[in-house]
Colleague: 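Just passing along the structure, written as structure tokens.
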Amino acid sequence: MPSSSKSPRRKTRSKAQSPALTPSQKRRFQQRLLKWYGEHGRDLPWRKTSDPYHILVSEVMLQQTQVDRVIPKYHEFLDRYPSFEHLAEAPVADVKKTWYPLGYNIRPERLHSIACETVERYGGQLPNDAEELLSFKGIGRYTAGAIRSFAFNEDAPILDTNVIRVLHRVFIAEGDPKAQKAQLWELSEALIPRGKGYDFNQAIMDFGAMVCTARDPYCLLCPMKSICKTYPFDAASNRK
DNA sequence: TTCCGGTCAT
DNA sequence: ATGACCGGAA
């Protein structure tokens with residue numbers, strides 16, 4: 001029966017198999033990332049709270065807006081709407097005015113609708129279940145993972161542009177990163193140290209924003225140097 | 001002027 | 001799979 005034997009669980013059309021994450025690679029990446037984060041992690045306002053509502057507001061703002069622009073609006077928004085109940089009661093037109101000028105103005109509408117639904121159907125408590133979170137308009141896979149890890153301390157994976165870039169460079173280094181999201185989601189999940197989803201996810205995003213940057217990453221001071229499949233990153237070959 | 005980005009819709 | 005959304009940055 002040799003001809004009928006199947007190679008163990010592999011997608012029929014892709015040839016490259018998952019990037020063989022060895023236990024040693026995994027452990028080193030985790031330890032170095034968390035150590036780096038302890039020394040260099042940013043002190044962001046939404047890391048000082050455990051209120052799921054505050055975390056949600058920050059994550060929706062951060063969906064397409066940079067940290068520096070979000071910070072002042074985060075404070076202003078929460079001053080005006082300190083809870084799901086306050087936000088749910090507010091006219092959506094006011095919420096949109098408060099949102100200005102962050103842009104992508106569907107976001108305040110969706111945030112408002114999430115608040116209404118949370119008050120009406122969940123007694124003002126944001127659910128921690130992935131399926132329920134994903135059922136809200138405005139919460140996609142990234143934000144659901146962010147809420148679960150940052151607001152509920154679950155070991156839930158996240159994958160945004162920072163995480164895609166970091167994981168692809170360190171562990172894959174071939175092909176178009178955006179075309180490999182399925183593998184990268186698996187990596188993001190497999191790498192989380194048990195019980196440390198919050199710190200690990202915050203850490204990998206800081207790392208992507210501060211060291212493993214899109215252009216001109218700081219490879220010389222990078223703690224992943226010795227395990228990174230892309231080191232040393234050649235900026236010239238990456239520019240057009 | 002072009003590129004980028006989470007989510008949703010096509 | 002691809003584009004709309006909207007504004008910032010290269």
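In what follows, every chain begins at residue 1, and chains take the letters A, B, ... in the order their sequences are listed.
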Colleague: CD of Gln180(A) versus C1' of dA1(C): gap in Å, rounded?
Modeller: 16 Å
Colleague: Counting only heavy atoms and a strict 4.0 angstrom limit, can you tell me which residues of residues 96-113 of chain A come near DNA chain B?
Modeller: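 Heavy-atom contacts with DNA chain B come from Tyr104(A), Arg110(A).
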Colleague: How would you label the contact of Lys181(A) with the nucleic acid (heavy atoms, under 4.0 Å): base, sugar-phosphate, or nothing?
Modeller: nothing
Colleague: Determine which pairs satisfy salt bridge (charged side-chain N to carboxylate O under 4.0 Å, His left out) with at least one residue from residues 141-159 of chain A, sequence neighbours left out, and list them in order.
Modeller: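 Non-adjacent pairs meeting salt bridge (charged side-chain N to carboxylate O under 4.0 Å, His left out): Arg148(A)-Glu154(A).
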Colleague: Which residue pairs satisfy the salt bridge (charged side-chain N to carboxylate O under 4.0 Å, His left out) criterion with at least one member in residues 65-75 of chain A, sequence neighbours excluded?
Modeller: Lys73(A)-Glu76(A)
Colleague: Which pairs, with at least one residue in residues 194-209 of chain A and sequence neighbours excluded, count as a salt bridge (charged side-chain N to carboxylate O under 4.0 Å, His left out)?
Modeller: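 As it turns out, the salt bridge (charged side-chain N to carboxylate O under 4.0 Å, His left out) pairs with a partner in residues 194-209 of chain A, which skip direct neighbours, are Arg42(A)-Asp206(A), Arg47(A)-Asp206(A).
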Colleague: Counting only heavy atoms and a strict 4.0 angstrom limit, can you tell me which residues of residues 125-141 of chain A come near DNA chain B?
Modeller: Phe136(A), Lys137(A), Gly138(A), Ile139(A), Gly140(A), Arg141(A)
Colleague: Rounded to the nearest angstrom, tell me the gap between atom CG in Leu159(A) and atom P in dG6(B).
Modeller: 9 Å
Colleague: In whole angstrom, give the distance that lies between atom CE of Met205(A) and atom C1' of dG6(B).
Modeller: 13 Å
Colleague: For Ser226(A), which residues count as a side-chain hydrogen bond (donor to acceptor under 3.5 Å, both in side chains) partner, sequence neighbours excluded?
Modeller: Arg32(A)
Colleague: Remaining members of Leu220(A)'s ILVMFWY cluster at a side-chain heavy-atom cut-off under 4.5 Å?
Modeller: Tyr231(A)
Colleague: For the residue pair Tyr74(A) and His54(A), categorise the inter-ring angle as parallel (less than 30°), tilted (30 to 60°) or perpendicular (more than 60°).
Modeller: perpendicular
Colleague: OP1, OP2 of dG6(B) versus side-chain N and O of Thr143(A): anything below 4.0 Å?
Modeller: no
Colleague: Kindly state each residue pair satisfying ring pair (Phe, Tyr, Trp, His ring centres under 6.0 Å) with at least one member in residues 192-222 of chain A, sequence neighbours excluded.
Modeller: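 Those involving residues 192-222 of chain A are Trp36(A)-Phe207(A), Phe150(A)-Tyr198(A).
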Colleague: Within residues 54-71 of chain A, which residues have any heavy atom lying less than 4.0 Å from an atom of DNA chain C?
Modeller: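 Close to the strand are Gln66(A), Arg69(A).
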Colleague: Regarding Arg165(A) and Thr213(A), do their side chains bring together a donor and an acceptor under 3.5 Å, going by distance alone?
Modeller: no
Colleague: Does Ser58(A) have any side-chain hydrogen bond (donor to acceptor under 3.5 Å, both in side chains) partners at least two apart in sequence or in another chain, and if so, which?
Modeller: none
Colleague: Please enumerate all residues that pass side-chain hydrogen bond (donor to acceptor under 3.5 Å, both in side chains) together with Glu39(A), with sequence neighbours excluded.
Modeller: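 Checked Glu39(A) against side-chain hydrogen bond (donor to acceptor under 3.5 Å, both in side chains); matches are Lys35(A).
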Colleague: If the condition is side-chain hydrogen bond (donor to acceptor under 3.5 Å, both in side chains), which residues does Ser83(A) pass it with, not counting sequence neighbours?
Modeller: Glu85(A), His86(A)
Colleague: Give a yes/no answer on whether the side chain of Lys178(A) brings an N or O atom under 4.0 Å of OP1 or OP2 in dG5(B).
Modeller: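 Answer is yes, contact under 4.0 Å.
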